Structures are given as C-alpha cells and as structure tokens.
*Asks:* 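Mind having a look at this structure? Questions to follow.
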Amino acid sequence: MNSIIPQISVGLSIASILLLIALGLAIIYGTMGVINLAHGDFVMLGAYTVWFLQKQFAMNLITTLPFVFAFVGAVGWLAERMLIRHLYQRPLDTILATWGLGVIMQQAVRLLAGAELRYVKMPDFLINPVHFFGYEDSAYRIFIFALAVALLIATYVLIYKTEFGLRMRAITQNRDVSRCFGINAGRVYALTFAYGAGLAGIAGALVSPLKSVAPDMGTGYVVDAFLVVVLGGVHSLLGTVASSYVIGQADAVLASWSDDTIAKAVVFLGVVVLIRLFPQGLFAMRVRRS
Amino acid sequence: MTSQRQALHRLGGYAAVCVLILLVPLFVSDGYLLNKFARYLVFGILSLALSLSWGYAGILNLGQAAGFGLGSYCMAMALKLRTIPIQTGAGGLPDFMVWNNVHTLPWFWQPFHSYAFALLAGIGVPVLVAFLIGWFVFRARVSGVYVAIITLAMLVVINLVIIDQQRYTGGFNGITDLTTFKVFGVEFGAYSVSTYYLAAVILTLLLFLGLALMNSKTGLILQAIRDDETRVRYFGYDVANYQNFIFCVSAGVAGLAGMLYTLVMEFASPTFLAVPISLSIVIWCAVGGRASLLGAALGAIVVTGVQGSLSDSKTFLDTWMLIMGALFIVVVLFLPNGLISIVDVIRDKRERRRLAAAAGAPRRTAVVAPSRSAAR
C-alpha cells in the first residue's frame, strides 16, 4: 500500500499536465480540424514566460499564471489570424505550417533567451510535503492536480454552458449553416485557438519548476499529448480526460518498474495496437465527418 | 501527344541533372568539398524517399528520419566490428561496451560481422519497422493527420530508446571510430571520389527507378489513393496494402541513405534520427516539390548546399533555422507543390500561348491545373 499511493500521485500529476496540453489540442482539432504541431512550443513559451517574469520582476509562480495565459493565448490568437486561417481547406498542410511555426518560436526563444537550460523556482509555501491520512505527498503535485481539475471544469462550462461554447459547438457541427445564422466563424476559431494555446501555456508554467526549461522541451510534450488525443478520440472531453489518466498512470507505473524511456516505448506501442482495434479512439462519439 | 512530350521533357530534365551530378568530380578534386557534396546528395536521396510516400501516395511521414538513422546504425555497427583491435577494446568488443561493463557481444550485434548481413539489415530493419507500424495503422484505415502524428511519435520513441540503451548503442555519443568501408577492393573513404560516385550513382538509379515505379500501374494506383482513397477502395483495390508497400519502400530508401551517410560522416549518432532532421526532410521535400522526385531531391541539395556554403557558426545555424521555418511556411501557403512547380507554371503559360496562337483566339478551356490534386 505504501508504495502505491505515491505512485498514483505521480501518475496523477503527469496526467494533469498531459490533460491541460491535450485539452487544448483536442479543442483545436475538434473545432477546426487543425493539428497543431506548435502546441508543444506553446508549452515551452509558457515555461519561458514564467522564467522571464521571475527573473525580471521576481514574481511568484502562481501570480504569473494569468500573465502566462494571456501572453501565450495572444500568441496563439496571432498565429491563427496570420497563418492558420489560410489553411482550413488543406488540413494536412496545417501540420506543416504549425510545424514551421514551432521552429520559428523555438529559434526565436533560443536567440532571445539563450539555448542553456533555465530553472524556475517553486512557490515557497508549496515546497514542503503535506500529510494526510498518514501519507505524505508533495504539495506542489496536489496543487497541479487541483488546478488541472479547476481548468477542466472551466473548460466544460465554457463549452457547454456559455454563449461562446454554443457557437463553438454549432460551428463544429456545421460551419456553413452556423454562419448563415450569423455566427462569426473566424472570430470563434481565433478565440478557440487562443484558448487552447493559453491552456498549453499554463501547462508549461506548471511543469517549469519540475523540469529544466529549454527551447526544445515542447517536442516531448506534444508527442505525448497527441497520443492522448489519438487514444481518447477528439470529440469528447471525457475521452481526453480518461485517456490522459490512462497514459499518465501507465507512464508512472512503467517508469517505476523500469525507466522513463521504456515506459514511453511501451505506451507508444500500446497506443498503436489500440488504434488497430479502435480506430476512432477509445471514446468515440458519432459526429459529422469532414 | 503533349503528355508524351511532357514525359520526354521530364526524362530529359532528370537525365540532365544526373549527368551534372556525375560530372562534378571532374572539376572538384578537393576531398573536403567532395565530402560536403556527397552529404548533400545523401540528403537528396532522403528527401526523394519522403517524396515517394508523401508526394505520390499522400502519406505524410514525419518520422522519415527513423529509417535513415536505423540504416546509419546498421552500417556503423558493421564498420565498428571491423575496426582494428586497438580501438575496439578487449576481445573485439566495441570500446563503448567495454566502458559500460558489457562483457560479451550482444546477440543482435553478432551477425554484423558480415557485411552482406549489415547491408541487408540497413534496408531491412527500417522496412520491417515501417511494415509493422504500417500494418497497424493502414489496416485500421487511419490516414492523413493521424499517420503524421503516429510516425512522429515512432521517431521520438526510437530515438529515446537508442539514447537510453547506451550499453548497446553508444547512447548520446553514437558509434564512432569506424573503419573504412571496403568492398571488391574499392575503399569508400569519407573524402574519396568513390564515395561521391557511390552516392551519385545511387541517387541517379533511385530517380529513374522511382519514376518507373510511379508510372507503373502500382504507381498510378498510389497516386489515385492520394487523390481519393475511398474511390480507389470502391474500385476493389486493397488500399492498405498499397499504402503499406510505398511506406516500406520509402523507409528502405531512407535506410539506404542512412548507410551512405555513415560512410560520409564516419560515425552514427542519435541526432540522425532526432526530430530536427525529420523536420528538415519535410522542409526540403516541401520546398523542392513534394510531388516530383527530382524536385524533392534538388530541394534537399539546394537547401543544404546554401546552408553549407554560408557558415557553420552556432548563431548562424540558429538564425538559419528561423529563416528555414519562415521559408517553409511561405512555401506551404503559396506554393504547395514547391519550387519545381514553377517549371510547370511556366510551361502551362507557354502552352496556353501556343494554343491561343494556334486557335487564333484565347481559349480558357485548354488550361488544365496540373497539380491541384497534390495540394490536398
């Protein structure tokens, strides 16, 4: 029992980060059919924003979060307006364009902030472990988990309970008819993209104290997050949540048995085999296709 | 008639480029330059490999570097085992294994004592990996963007495993200190003319073989799959088989390029199958022209050639990647079929003018968009 609880906790925190990244990806893909390979670089951008704010203004990680969300979201908004909206007719090319965008962001950060690893401080009051039910756990991991749940609920409310979410869902179902009803599709797309990017930025901010911050840190995350999306299917929040949990836990458990790399390889093979069995993802819903 | 003439023109273009490439050593005798040029040719082969699957069959393989790296490692393993004993440590073990406390040669290294096996493996291993991934992916009728993501994930995983298994693969350092490849009495040193010719001849052969393949029935079906997968399926063809076939061919060609790359670079490294090189392959292919074998190969040769002739400093390389990213986006947005399609545009203009002159009046109907399909 004593070794299972911490392992679940590690798995939960991996899953929480994955969830935030995959949520953005899934929303962007689900709504506009764009595969955003620059998503990992939004994560990286979020981490660097925290690093910059801490260095320049000595800000606490938690107080930087709103700025991170706003800044990375704004970059996402710009990317959609300037680049991606020209490619809605060519889905395969959005992969290329966003990959190019990712390279540009990575190189820009490398030139501006330097290629060396950067480190971000954890908030002081979250460093000490907390005790509950006789177990102790890292307070920061609990914080990550809580924030991920909060953002998940916020996303749910945004999609299913607000006017904006209604428009978004309408466009997902049928873009042309929605436009006939006076919905400004371009605006919804841009905001959706910005929101997804902002979530990725927050995820980057949250991992920044746990791992070193480097210009190419995004690649690993985007691949993991895509596996989550592929496994979960793109059209359901529940699918994304469940598959981030599955992959996060699998990662943690396998890593404790052998090491990180073998864990990644096994998870990847597992996903490939599952795709053969469930091509639509594990949690597919019937939706209109293309 | 015109299509026959176009085909002739194309063959002429291919032949001209190949002759040019083969003539280079007559004018360049500097080993360092020849080595550089041979590297560009290898990249050309690699880019051609992606063009086979992406440009002609619509399978965007973001993990193309995986085959390249695996091929490179197979070659390096064979060469490493033949390195003179001083460098390979006690009992014929590669030096990095000795450092990592490996006492016997692992079973999967054993067959690499034979060149024949290594050459087969350099192509066979990438093909096998591609076949397994392809079997799962294409049978499930996964296509388009999902293939791109899964191949990218495959690349990242293989790369991680090779770095992680330092005891058997040399980890971050890769496999270095290799002997010179020698077969039938010919030495293929990194700076020799023979290696350049080897790369040039292989590129030439692949260009023409690729062209022949794509004009065969299989090639036509592949292009039809690219344009409309469902329709081809309704015609009764087994789409997944065709897709997997070209996916494997492409991986095999990439493996061949990887083996050549080991000869040219004199080592194998995990950077050969890292994400940046895979990204570069896609960029070369897109910039040159994904739906043209020659375009893709030239794209790689020109882009890496320009890069190599400018500078090798660190800040330059960083800025260069920035420029490449921007160029890539511009090409994707405005010239989906790459720079080689400019030739088509000019030819169409000329054709239009000729037809107009012949008919005595401008005729819009004669204009056929030659490359709309590939842009999808």
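Numbers restart at 1 for each chain; the letters A, B, ... are given by sequence-line order, proteins then strands. Since we're looking at a predicted model, the values are computed, not measured.
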*Asks:* Can you list the steps and then say if W99(A) with V282(B) is a side chain to side chain contact (heavy atoms under 4.5 Å, CB included)?
*Replies:* CA-CA 10 Å; W99(A) 212 4; V282(B) 176; 3.8 Å; yes
*Asks:* Is the CZ atom of R187(A) crowded by more than 12 outside heavy atoms at less than 6.0 Å?
*Replies:* no
*Asks:* Checking I104(A) against chain B: side chain, backbone, both or neither under 4.5 Å from a heavy atom?
*Replies:* both
*Asks:* Return the CD1 to CZ distance between I133(B) and F268(A), rounded to the nearest 0.5 Å.
*Replies:* 4.0 Å
*Asks:* Please indicate whether Y88(A) has more than 12 foreign heavy atoms, meaning atoms of other residues, nucleotides or ligands, lying under 6.0 Å from its OH.
*Replies:* yes
*Asks:* What part of I329(B) gets closer than 4.5 Å to chain A, counting heavy atoms only: side chain, backbone, both or neither?
*Replies:* side chain
*Asks:* So which atom in I95(A) and which in A148(B) form the shortest heavy-atom distance, rounded to 0.1 Å?
*Replies:* CD1-CB, 3.5 Å
*Asks:* Check each atom of F328(B) against the heavy atoms of chain A and say whether the ones under 4.5 Å are side chain, backbone, both or neither.
*Replies:* side chain
*Asks:* Taking side chain as everything from C-beta outward and backbone as N, CA, C, O, which of these in V332(B) sits under 4.5 Å from a heavy atom of chain A? Side chain, backbone, both or neither.
*Replies:* both
*Asks:* Is it the side chain or the backbone of M154(B) that comes within 4.5 Å of chain A heavy atoms, both, or neither?
*Replies:* both
*Asks:* Between L37(A) and chain B, with a heavy-atom cut-off of 4.5 Å, which part of the residue counts as in contact: side chain, backbone, both or neither?
*Replies:* side chain
*Asks:* Among L322(B), L160(B), I158(B), single out the residue with the greatest number of heavy-atom pairs under 4.5 Å to chain A.
*Replies:* L322(B)
*Asks:* Quick check on R231(B): does its CZ atom have over 12 non-hydrogen neighbours (other residues, nucleotides or ligands) under 6.0 Å away?
*Replies:* no
*Asks:* Go through the atoms of I35(A) and report whether side chain, backbone, both or neither lie under 4.5 Å from a heavy atom of chain B.
*Replies:* side chain
*Asks:* Please evaluate residues D93(A) and L333(B) with respect to the criterion side chain to side chain contact (heavy atoms under 4.5 Å, CB included), reporting the C-alpha separation (whole Å), side-chain torsions for both, the decisive distance (0.1 Å), and the verdict.
*Replies:* CA-CA 8 Å; D93(A) 284 354; L333(B) 278 178; over 6 Å; no
*Asks:* Output the residues of residues 56-63 of chain B for which the shortest heavy-atom distance to chain A is under 4.5 Å, in residue-number order; output 'none' if no such residue exists.
*Replies:* G58(B), L60(B), L62(B)
*Asks:* For V161(B), which atoms come within 4.5 Å of any heavy atom of chain A: side chain, backbone, both, or neither?
*Replies:* both
*Asks:* Within a 6.0 Å radius of atom OH on Y234(B), are there more than 12 heavy atoms belonging to other residues, nucleotides or ligands?
*Replies:* no
